[in-house]
Structure formats: structure tokens, C-alpha cells
Amino acid sequence: MSQERIAVIGAGAFGTALATVFALEGRHPVTLVGRQPNLMADLRDDRMHDTALPGVPLPDALQFSAEPDAVAEANVVLFAMPSRAQLDAARHYGPYLSDGASVVICAKGLDRAERLLTDVISAELPKTPLAVLSGPGFASDIARGLPTAMSLGAQDPVLAERLAQVLSSRSFRLYASSDVIGVQLGGALKNVLAIACGIVEGAGLGESARAALISRGLAEMSRLVEAMGGNADTVRGLSGLGDLVLTGTSHQSRNLSFGISIGKGEPAQTVGGPLVEGAFAASVAARLGRKFSVDLPITDAVAAIIDGRLDVMTAMEQLMTRPIKAE
């Protein structure tokens, strides 16, 4: 395989973890790009990012830059910032992208205007081939070289396969998909459903209720993906079921922890709601369900609880007393 140059934009936990695992593999030059010159200089000198990945040494091969033109020579550029910062990143770094560069969106969310992130970025960068990374992978696991598998989706199956080959390593395995709708919706909706799992845990409703939410939540994902033109089978893979099991059960998950706090009676706005991807995505996903005439009862309940329109026990009672349909 020919050598590619990789740039990862976003020096938070996930971006740093991705840059670390790519650099450790040693097949391609890798640069981590951030906007804070002092932080990037400290990372270069100390080879540690204690606030994002405590205790994880950063590889000697990993390069750092705070200059936007650091992406100019990269063939593969990863946007590893939260969903709400993706458009700003495209505008800031877009003028520096080379003509042959591909951009990989590494966020699991929805745009406020009910668009997928690929739609948002393609409008800003119409000539740039896009892909999306999604699936079960905590930053600390990835950075430490623990076995992780995720989905890499692109409309062009050849591009998806090439990028999966370029970015995969001995500990980080990517599976190519041409269903960008399913890959993105699986990643975004699992955050909402992980909040639901947290609410169940925080309210002490039992593990049986969590299992029911995971299985019925998967059905919700499938219905919306199909209605929006994707493949319902996609969400039964890594970017849907795999990611939902991880974030709906592990206390490393910010969405689960947020839901636990709500389940214990704490108001959403006081426990970091604006910073949680699933909290933002819940109302957007609920609107998408209405727009495409898709029944999303769990998503609707989470959105109503976060907005303060419904309390936890009333929401659970409504879910349990809905008209019974064949599974």
C-alpha cells in the first residue's frame, strides 16, 4: 500500500487517540492539528495529554501543529471534533485542503436543521470526497492499543474500502460501508438511546428495562434509517448495535452518565446537557421522526424528559402502556 499523509484535526480525547493509534502503526506520517498553539507545543514537548488521555504516552512519530496549513499536504484529513463544531472546522480548514484530500467526519450527531453531517460538510466542501467514522470505540481504549472495531462509511464503496485499509491497524480495525445514512444515524441515535439507558439505571428501574430499551431502541433506529433511504441492516452492526451496547452499559459513556443523573432527579441543564451529543440530538431526532412519519417512542420520551415536558416515571408508564403490536 502506498504511503498516505494523515492529518487529524481536533486535539481532544478522540482526536488525540486516533492520531496516536495511526502514528503507532507507523505506516503513514501523522499530524495532530489543533487551534491552541500553547497546547500543541506542550503536547510536542511533553508527549502527554493529561487532560484528555491521562497516563497515555504520545508516540515519538506523531507530529503536532496549530497552523491550519498543516493539512495542506495530507491525503486523509479527519475532523475529530463534536458535531456542532464540524461546519466551523470545514470553513476554517477547507481553504487549505489539497485537491486530492478526503475528509473523514468523526462525530456522531445531527445538525440542528435536521441534516446529516455529511450533508452539512458537503455543502461547504462540495468538491471534497467525504466519509464518516462511527462505531463502538472509547478514546482511552483506542489510544492504549486495545482491540477496537468501527465502521467507515462513504457513498463511494471504493473510497470506503481504501480509507478503511489506510486507517486500520493491528489494534484498530475498520469495516467499509457504502451506507452513509445508516452509519451516521446509528452513531447519532445510539447517543439518545444511551441516555435512556442511563435514565433507567439512575431511576433504579432494573437491568430488564435496559435490555428492553436496547432492543426496542434498535428497532427505532432501523425504522428511521429505512425511512431516510438507508439500509436497516446497517444499524445491526458496529455503528448501531455495537455502539449502543457500549455506550448504553459503560460508565465511561458521557451519554449514559448524563442519563443516570437525570434518572436520579437532577435537571438536564445542570448536569452538562448542552455538552452531551445525545442531549442535542434527541430533539432533532424526534423532529426527524415526525418529518418522516416514523414512530420513535423512546427517542420522543428522552427529548421530552430533557426539555422538562415529561418526568421519568410518567415517561416510563407511557412507554409500558402503549398499544401492543407484533414485534
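Remember, it's a predicted structure, so these values are computed and weren't measured experimentally. Just so you know, residue 1 is the first one in the sequence shown, and it goes up from there.
Within the model, atoms CD of E317 and CG of L310 stand 10.0 Å from one another, a figure rounded to the nearest 0.5 Å. Expressed to the nearest 0.5 Å, how far CG of L167 lies from CE of M150 amounts to 11.0 Å. With rounding to the nearest 0.5 angstrom, the OH atom of Y175 is 13.5 Å from the OG atom of S239. To the nearest 0.5 Å, atoms CD1 (I195) and OG (S257) are separated by 10.5 Å. Atom OG of S102 and atom CG of L163 lie 5.0 Å apart (nearest 0.5 Å). Considering SG of C106 and CG of L133, their distance stands at 4.5 Å, rounded to 0.5 Å.
By the 4.5 Å heavy-atom criterion applied to side chains, F172 and L18 are counted as neighbours. Between L78 and V76 there is a side-chain heavy-atom pair separated by less than 4.5 Å. Considering only heavy atoms from C-beta on, I260 comes within 4.5 Å of K264 through its side chain. Contact annotation: the side chain of F292 approaches that of M228 to within less than 4.5 Å [non-hydrogen atoms, C-beta and beyond]. Taking the side chain as every heavy atom from C-beta outward, L24 and S169 never approach each other to under 4.5 Å. Contact annotation: the side chain of I9 approaches that of V77 to within less than 4.5 Å [non-hydrogen atoms, C-beta and beyond]. Annotation: side chain of I214 is not in contact with side chain of L193 (no heavy-atom distance under 4.5 Å). Side chains of V132 and V104 form no contact here, defined as non-hydrogen atoms less than 4.5 Å apart.
Between the side chain of S122 and the backbone N or O of D119 there is at least one donor-acceptor pair closer than 3.5 Å. Looking only at distances, no side-chain donor or acceptor of S293 sits under 3.5 Å from a matching main-chain atom of G289. No donor-acceptor distance shorter than 3.5 angstrom exists from the side chain of Q36 to the backbone of A66, with no hydrogens or angles considered. Judged purely by atom type and a 3.5 angstrom limit, T16 uses its side chain to pair as donor or acceptor with the backbone of G12. Remark: the backbone N or O of G278 is paired with a side-chain donor or acceptor of N255 at under 3.5 angstrom. Under a 3.5 Å cut-off, the side chain of Q165 and the backbone N or O of E161 do not form any donor-acceptor pair. A donor-acceptor distance shorter than 3.5 angstrom exists from the side chain of Q184 to the backbone of L117, with no hydrogens or angles considered. Between the R27 side chain and the V166 main chain, a donor and an acceptor come within less than 3.5 Å of each other. Not a single donor-acceptor pair under 3.5 Å links the side chain of R236 to the backbone N or O of L241. Of the possible donor and acceptor atoms, one in the side chain of S253 sits under 3.5 Å from a partner among the backbone N and O of T247.
Transitive grouping of hydrophobic side chains (ILVMFWY, heavy atoms separated by less than 4.5 Å) keeps L53 and M48 in distinct clusters. Both L185 and V294 are part of a single hydrophobic cluster, where members link through side-chain heavy atoms under 4.5 Å apart. L189 and L238 are assigned to two separate hydrophobic clusters, defined by single-linkage of ILVMFWY side chains at heavy-atom distances under 4.5 Å. Taken together through direct or relayed side-chain contacts under 4.5 Å among Ile, Leu, Val, Met, Phe, Trp and Tyr, L174 and V30 form part of one hydrophobic cluster. The cluster map of Ile, Leu, Val, Met, Phe, Trp and Tyr, joined by side-chain heavy atoms under 4.5 Å apart, puts I105 and L125 in the same cluster.
By the side chain to side chain contact (heavy atoms under 4.5 Å, CB included) test, D311 pairs with M313, T314, sequence neighbours left out. Applying the side chain to side chain contact (heavy atoms under 4.5 Å, CB included) test to A154 and every residue at least two apart in sequence or in another chain returns A131, L159, A160. Annotation: side chain to side chain contact (heavy atoms under 4.5 Å, CB included) contacts of F64 (sequence neighbours excluded): L32, M40, L43, R44, R47, L58, L62. Every residue two or more places apart in sequence or in another chain that forms a side chain to side chain donor-acceptor pair (under 3.5 Å) with T51 is listed here: H49. Annotation: side chain to side chain contact (heavy atoms under 4.5 Å, CB included) contacts of M320 (sequence neighbours excluded): M316.
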### Message
R162 vs E4, test: salt bridge (charged side-chain N to carboxylate O under 4.0 Å, His left out). Steps then yes/no.
### Response
CA-CA 11 Å; R162 181 180 75 83; E4 309 270 0; 2.9 Å; yes
### Message
If you apply the rule salt bridge (charged side-chain N to carboxylate O under 4.0 Å, His left out), what do you find for D300 with R309, and how did you get there?
### Response
CA-CA 11 Å; D300 290 340; R309 293 181 282 114; over 6 Å; no
#### Entry: Audit row: R210, L256, side chain to side chain contact (heavy atoms under 4.5 Å, CB included) steps and yes/no
CA-CA 11 Å; R210 189 202 307 265; L256 181 74; 3.8 Å; yes
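A salt bridge between K127 and D99 is absent, with no side-chain N of the basic residue lying under 4.0 Å from a carboxylate O of the acidic one. Taking the charged nitrogens against the carboxylate oxygens, E277 and K108 have no contact shorter than 4.0 Å, which rules out a salt bridge.
Shortest non-hydrogen contact noted between P37 and R35 is CD-O, 3.2 Å. The two residues V284 and D111 make their nearest non-hydrogen contact at CG1-O, 3.4 Å. What you find for V302 and A282 is that their closest heavy atoms are CG1-CB, 4.2 Å. The nearest pair of heavy atoms linking G55 to P57 is O-CD, 3.4 Å. The two residues A101 and P129 come nearest to each other via the heavy atoms O-CD, 3.3 Å. What you find for A107 and P82 is that their closest heavy atoms are CB-C, 4.1 Å.
Sorted by first then second residue, the salt bridge (Lys or Arg N to Asp or Glu O under 4.0 Å) pairs that include residues 167-184, not counting sequence neighbours, are E25-R170. Applying the salt bridge (Lys or Arg N to Asp or Glu O under 4.0 Å) test to every pair with at least one member in residues 7-16, sequence neighbours left out, gives no pairs at all. Residues in residues 284-293 take part in these salt bridge (Lys or Arg N to Asp or Glu O under 4.0 Å) pairs, two or more places apart or across chains: E114-R287. The side chain to side chain donor-acceptor pair (under 3.5 Å) analysis of residues 150-160, with sequence neighbours excluded, yields no pairs. Applying the salt bridge (Lys or Arg N to Asp or Glu O under 4.0 Å) test to residues at least two apart or on different chains, the pairs with a partner in residues 69-83 are R5-E73.
Cation-pi geometry between R112 and F280 is not met at under 6.0 angstrom from the ring centre and within 45 degrees of the axis.
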Run the side-chain donor-acceptor check on residues 134-148: report pairs under 3.5 Å with partners two or more places apart or on a different chain.
unit_1, atom_1, unit_2, atom_2, d
S140, OG, Q252, OE1, 3.1
R144, NH2, P54, O, 3.2
T148, OG1, L146, O, 3.0

Listed pairs under 3.5 Å, donor-acceptor, residues 219-226 side chains, sequence neighbours left out:
unit_1, atom_1, unit_2, atom_2, d
E220, OE1, T299, N, 3.3
E220, OE1, T299, OG1, 2.9
E220, OE2, I298, N, 2.5
S222, OG, L218, O, 3.0
R223, NE, D295, O, 3.1
R223, NH2, D295, O, 2.7

